[in-house]
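Before any comments, here is the structure.
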Amino acid sequence: MKTVGFEPRIVGILCNWCSYAGADLAGISRIKYPANIRILRVMCSGRVEPTFVLQAFASGADGVLVSGCHPGDCHYLEGNYKAFARKELLETLLEQMGIEKERFRLTWVSANEGELFARIVGEMVREIKKIGPFYLPKSWMHELQENKHGFHAEEKEAAVGGGVVER
Amino acid sequence: MSDIKVGVYVCHCGTNIADRVYVSGVAEFAGSLPNVVVARDNQYMCSDPGQEMIKKDIKEMNLNRIVVAACSPRMHEPTFRKCLESAGLNGYQFEMANIREHCSWVTEDAEEATEKAKALVAAAVARVPYHEALYERFTDMCSRTLVVGGGIAGIEAALKVAASGNQVVLVEKEPSIGGNMARWDKTFPTMDCAACILAPKMVAVSQNDNITLHTYSEIEKVEGFVGNFKVTIRKKARSVEMDKCTGCCLCYGKCPVKVPSEFEAGLGTRKAIYIPFPQAVPNKPVIDRATCTYFKNGKCGVCRKTCPTGAVNYEQEDELLVEEFGAIIVATGWQTFDPALGSQWGYGRYDNVYSAIQLERLVNASGPTKGKVVMKDGRSPKSIAVLHCIGSRDKNYHEYCSRLCCMSSLKLALLLKEKTKGEVYNFYIDIRSAGKGYEEFYNRVMEEGVHFIKGKGAEVIEKNGKLVVRAEDVFLGKYREVPVDMVILSTACEARSDAARVAQVFGIQRSRDGFFLEAHPKLEPLRTATEGIYIAGCCQGPKDIPDSVAQGAGAAAEALSLIAAGKVKISPVVAVVDANKCAGCKICLPLCAYKAISFDSISKVAAVNEALCKGCGTCAASCASKALNIKHFTDEQILAQIKEVLAV
Amino acid sequence: MRYAYYPGCSNHSSSIDYDESTKAVFSALGIRLIGLDDWNCCGTTAVSSVDPLVSMALSARNLALVENHGYETLAVTCNSCYSMLRRAGDYCRDSAFAPAMTSVLASVNRVCQGRVAVRHVLDLLVNDVGVAKIRAIVRYPLNGIKIAPYYGCLIGRPKASFDDSEFPTSMDELLSVVGLEVVPFDRKTKCCGSTLMTSKEDVALALNEEILNESVQRGADGIAVLCPMCHLNLDAYQSKINKKFKTSYNVPVLYFTQLLGMAMGIGEKDLGLFRATGARHKLLKKVSV
Amino acid sequence: MFENAGVINESNLDREFVTQVASFPGGERIYSCLQCGTCSGSCQMSYAMDYTPRRLIEMTRVGMKKEVLSSKAIWYCAACYLCTVRCPRQVKLTEIMFALKSLALREKLYAGKEDSPVLYTVFLDVLKRFGRSHEGLLMTSFAMKTNPFRLLPLAPMGLRMLAKGKLRIIPARIRNVEEIRRLIQAAEEVRP
């Protein structure tokens, strides 16, 4: 599916120490990248729960980027490993929901990789432009009307993963 | 939430933001958002007038939440928190929208940038109603400082901290402190002898009661955080008992093993039991187990037999020390580029092609030739070429300029001219002589008759039994083949080969060039992303001696200002458990890297030790009952932000 | 094992002995070289100088043929062809000119995705076959002969491939396995001038003089080459060099495959040794002793 | 203008020239050159060139189109890529030389007595006819267009090669010569 003039909306959830700083460096270095991404800060990529990603899609995002420190470089020792552990389950879940894999990315960007960050955003925008806008599945609409403050614990439980929930 | 009163302030940052973002339009838009009482724009929000504007509005309009749309929170969040507090508001009732680094500076199109800025502001406005007042706390700290690396930067840092009366532990990987500087002969631009200015400092370290020196030791593990680091130091087995050894040197006179000396850059030899150089501190030997005959096949033992005090101990084992420190200074230094990687320069192929560090040893009176500059066949060279930028300013190796080699090459050229009275040619791209007395030194070297050929030495080749440097004389626009007896390669200063491992041990990030990354390229040159861990000297990037000394002293000041406070601030951004929701599943317990979560066996719920919690939020992300949350990064706050950032 | 084989124009004329000896050696090792059907000239320096994109398109057509036949690897003997074909693969795969290349090839109904591994026969012998296997079938080790290994310029350029761009060592290894004494050789990858021999003869003769000079100074009995152009310039132009520089070079220049073949006991005829136009007998005589 | 006068006539400079060269394959890094001279020092032909490779790069960036394209230097490049692999700024000098030669041919700015442009053009003509190169045909056509007497000293070598089966009298022709012609034409149309 392709849409003419389609500008994807991407939510970026970045860890404070590496990726957010990397995105800052892209700015300091005046590296231009598409304005399609809106960046949020968390202290660690380990903070990012699947609910955040699902909420972003539910709120109309066409893509979600989660980015943390490189493996071994986590400011909190191993938070990024936890994020990585959740990734697989989240990807399976997104696949089951019919969300293309291009729409979600977990990357590692360090504080001095401004260029890399800009490149990742550029790539994501290009890829999502190819697959077109994300339309909310009908079943989700119902869920959303039910609760205004995001997902309930049940969905969350299903989506936590990372060896945390026994299934 | 009728009692929420938000003030929004949009910064122009001169033209930094206003060039791309229609600032007053963003302010106007913010004014229309829910809970917003006032929205203004200003030239510089961080300036006094900008801050005064916020304070005045807080007082006059009873604002209880503030949003500033400006630069990165990593820059000015503390500034504005203070501003709120001086107006009687809690500093955490505040949020920054980053419309500079993440918006105006990275977006080509002004319309798109303005739309993006609006979304970021809306998200911040949606977030602040969920903010709570939070309070920083203080905890006791350890007053000891760890200095890692005993080169000139580390030595300077250790001496400065020790002078304040505080305890320092200096850890050095090699058997002696002194670092690279100990190998130099003279120093530019004054030409004073390196050993003469370094040795007194090395001795001062060994004599200072406040400094504990661990040489032949490495850092294995760093745990804890600012104020209370727990560090594991591995003291490698020296095979010589330091308290028994008198440094009489009888042992290595008798040792039958001869291997190339690292200190002499392979030009001289040392024994398997050795003191790396005469002025070594401590001046006591070490056995290199990899080459020692006794350790290879159990035979020999000559050194043990020779030692009059019975200090040689083949059974000695590595020792692990676990010690506490308040601050850590990392000054692990640099290494020289291996010129053999560029086969065109003939290093390793032709006898008389030397690296700069080898020449340092060759011209040194205590070096392998007792300071005589001679070729491999013993003759004195009549003509010598010094090739600059070997491995530097070269995308095939290191793109950066190594900064110190121009001056070091000039110094070596002058020494060569003095010692050989021959013709000395410098092949260079540019001469970089920025520094006190440096340009004057360059002029002096020119006036001494050293030749300067602008043009990088492209290759060294043998022609009819003589070395020939091929290069373009750029000023003349002509190709030249300069026959010489000897070639000196002025090699790049590069990050140590173990820099990646060291960075991981200390939680330091590295820049693309491999060196350690400072917290801010201009304003925080000595800090790292980890509070309480500082960097000094060439581990951060190439530096000459004056700069390394200045950084060592600066890092000492950083450590001391931390220690002098006596207490460390603990961020209130920590995990909190809602005991009513906690199902007691214990999933969070193993997830915490700091072991900050325990299980209360009586109430059957998780409990967070705020002194240990660092606030990463991994536990909160994994709590199935939504009982765990991170203050200031709660689910509500983040979800509100996500929804709103997409609503615009 | 089998590979698609691109002989290149020279191997059908001036370097036919390179073609013959390569095929003989590979056949002795039990490897099939399958000649590429209807291949065309790679374009080489000449066409690149007229129009770089035309030469890339010409090379890419060959790669398209290989892809079409379903081969993964293309064996190449000539350094120039090797460099051109590798570059063409890179252009089709990832460069700013990839779309242009695609449309040019599409105009003749060809597709090149740049998937083919373009590999020099030296690379195949050292890295796929391996020296152990070659050592095993050496019947007449060429002991007592000193050889200068001359790789030519394009074996590792513009991009280093299986060996260093300036100081490759893989042929040294191979030649010493068959008993030859390989002398150190600084001018291993210095250019022979290639087609400049035709248009700038004075300069090209000087380049070859330097190479011959080092080989003599190093005490080599001959020079091993792996490119038809190098062979032509070093071998056929020796008398001209002698005349110009008042020298008396009489240096045997052989393809490395011929030397390998000799050690393996492959007949002179199969190795094309009888086609020698230059000073070859000197070295051959030493071998038979 | 450059060699004889001390002043460069700014109005004679072609500011578009560098853009034109940069648009060729591999030309884009021309802007990165730091003028260190590694290329010229590496080039074995530098000594014979009227301008060193480094200087050609700078002249191109300045816009001295006529001087660059009519220089002798560009025809000395044997395309050995030594400058390219050594360039500290990773400027693809050899590719830039191809671009300059190609432009010199297209704009007919090369010096009249240059042999290389003729050789390369003849080479392409042979290719268009047969799909492959043919040394004998190439040499004779080239000599006829430049100086037929240059064939004389080559004749013994040619005959020797003929006798040893190293030279064919009749050129090999590929089956799809027509395809080659169309391919060349299509490539010529997309050139920068």
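Chain A is the first sequence line, chain B the second, and so forth, proteins listed ahead of strands; every chain is numbered from 1.
- Heavy atoms closer than 4.5 Å to chain D are found nowhere in C/S239, neither backbone nor side chain.
- Summarising the geometry, atom OG belonging to C/S55 is positioned 10.0 Å from atom CZ belonging to D/F123; distances are rounded to the nearest 0.5 Å.
- With a 4.5 Å cut-off on non-hydrogen atoms, C/S107 touches chain D through its backbone and its side chain both.
- The number of heavy atoms from other shown groups lying within 6.0 Å of CD (D/Q185) does not exceed 12.
- Interface remark: of the candidates D/T84, D/L103, D/L167, D/L127, D/L127 forms the most heavy-atom pairs closer than 4.5 Å to chain C.
- Looking at C/T198 and D/M139, their side chains come closer than 4.5 Å, going by heavy atoms from C-beta outward.
- In terms of heavy-atom pairs under 4.5 angstrom with chain D, the leader among C/K159, C/R110, C/E210 is C/R110.
- For the residue pair D/W75 and C/K200, the shortest heavy atom distance occurs at O-CE, 3.7 Å.
- Considering CG of C/N40 and CZ of D/F130, their distance stands at 14.5 Å, rounded to 0.5 Å.
- For the atom pair C/S13 OG and D/L162 CG, the distance stands at 11.0 Å (nearest 0.5 Å).
- Looking only at side-chain heavy atoms (C-beta outward), C/I16 and D/K164 stay at 4.5 Å or farther from each other.
- Chain C forms more heavy-atom pairs under 4.5 Å with one residue of D/A48, D/A143, D/G165, D/A172 than with any other, namely D/G165.
- When heavy atoms are compared at a cutoff of 4.5 Å, D/E178 does not approach chain C at all.
- What you find for C/C41 and D/S133 is that their closest heavy atoms are CB-N, 4.1 Å.
- Between C/E201 and D/R150, no side-chain nitrogen of the basic residue sits less than 4.0 Å from a carboxylate oxygen of the acidic one, so the salt-bridge criterion is not met.
- Contacts with chain C were tallied for D/K101, D/R182, D/R175, D/M97; D/R175 has the most, counting heavy-atom pairs under 4.5 Å.
- For the set C/L105, C/D37, C/T44, the count of heavy-atom pairs under 4.5 angstrom toward chain D peaks at C/D37.
- From C/L53, atom CG reaches atom CD1 of D/I184 across 12.5 Å, with rounding to the nearest 0.5 Å.
- Highest contact tally toward chain C, considering only D/N176, D/L138, D/T146, is held by D/N176 [criterion: heavy-atom pairs under 4.5 Å].
- Pairing each heavy atom of D/P25 with each of C/Y91, the nearest pair is CB-OH, 3.1 Å.
- Between chain D and the options C/T189, C/V50, C/D202, the largest number of non-hydrogen pairs under 4.5 Å is found for C/V50.
- Between C/M101 and D/V190 there is no side-chain heavy-atom pair separated by less than 4.5 Å.
- Counting heavy-atom pairs under 4.5 Å between each of C/A60, C/A57, C/C9, C/S49 and chain D puts C/S49 at the top.
- Closest approach of D/K166 to C/R275, counting heavy atoms only: CD-O, 3.7 Å.
- Atoms CE and CZ, from C/M56 and D/F98 in turn, are 8.0 Å apart once rounded to the nearest 0.5 Å.
- Heavy atoms of D/R106 lying under 4.5 Å from chain C are absent altogether.
- In this structure, chain D has a heavy atom under 4.5 Å from the side chain of C/A206, while its backbone stays farther away.
- Within the 4.5 Å cutoff, no side-chain heavy atoms of C/P52 are placed close to those of D/E95.
- Across every non-hydrogen atom of D/F24 and C/F97, the tightest pair is C-CZ, 3.7 Å.
- Within the 3.5 Å criterion, the main-chain N or O of C/W39 finds a donor-acceptor partner in the side chain of D/R132.
- In this structure, the side chains of D/M157 and C/K240 stay at 4.5 Å or more apart for every pair of heavy atoms.
- Taking CG of C/N109 as the reference point, atom CG of D/L183 lies at 11.5 Å (rounded to 0.5 Å).
- Using a 4.5 Å cut-off on side-chain heavy atoms (C-beta onward), D/M45 and C/L196 make contact.
- Ranked by heavy-atom pairs shorter than 4.5 Å toward chain C, the options D/A163, D/S102, D/A78 are led by D/S102.
- The backbone N or O of C/C191 sits less than 3.5 Å from a side-chain atom of D/Q44, completing a donor-acceptor pair.
- For C/L232, the part lying near chain D is the side chain, with the backbone staying farther off; criterion is any non-hydrogen pair under 4.5 Å.
- Between D/A79 and C/L154, the shortest heavy-atom contact is O-CD2, 3.6 Å.
- Heavy-atom distances place both the backbone and the side chain of D/L82 under 4.5 Å from chain C.
- In this structure a side-chain-to-backbone donor-acceptor pair under 3.5 Å is missing from C/D51 to D/E188.
- Most heavy-atom pairs under 4.5 Å with chain C: of the set D/A104, D/P117, D/C80, D/A186, this distinction falls to D/C80.
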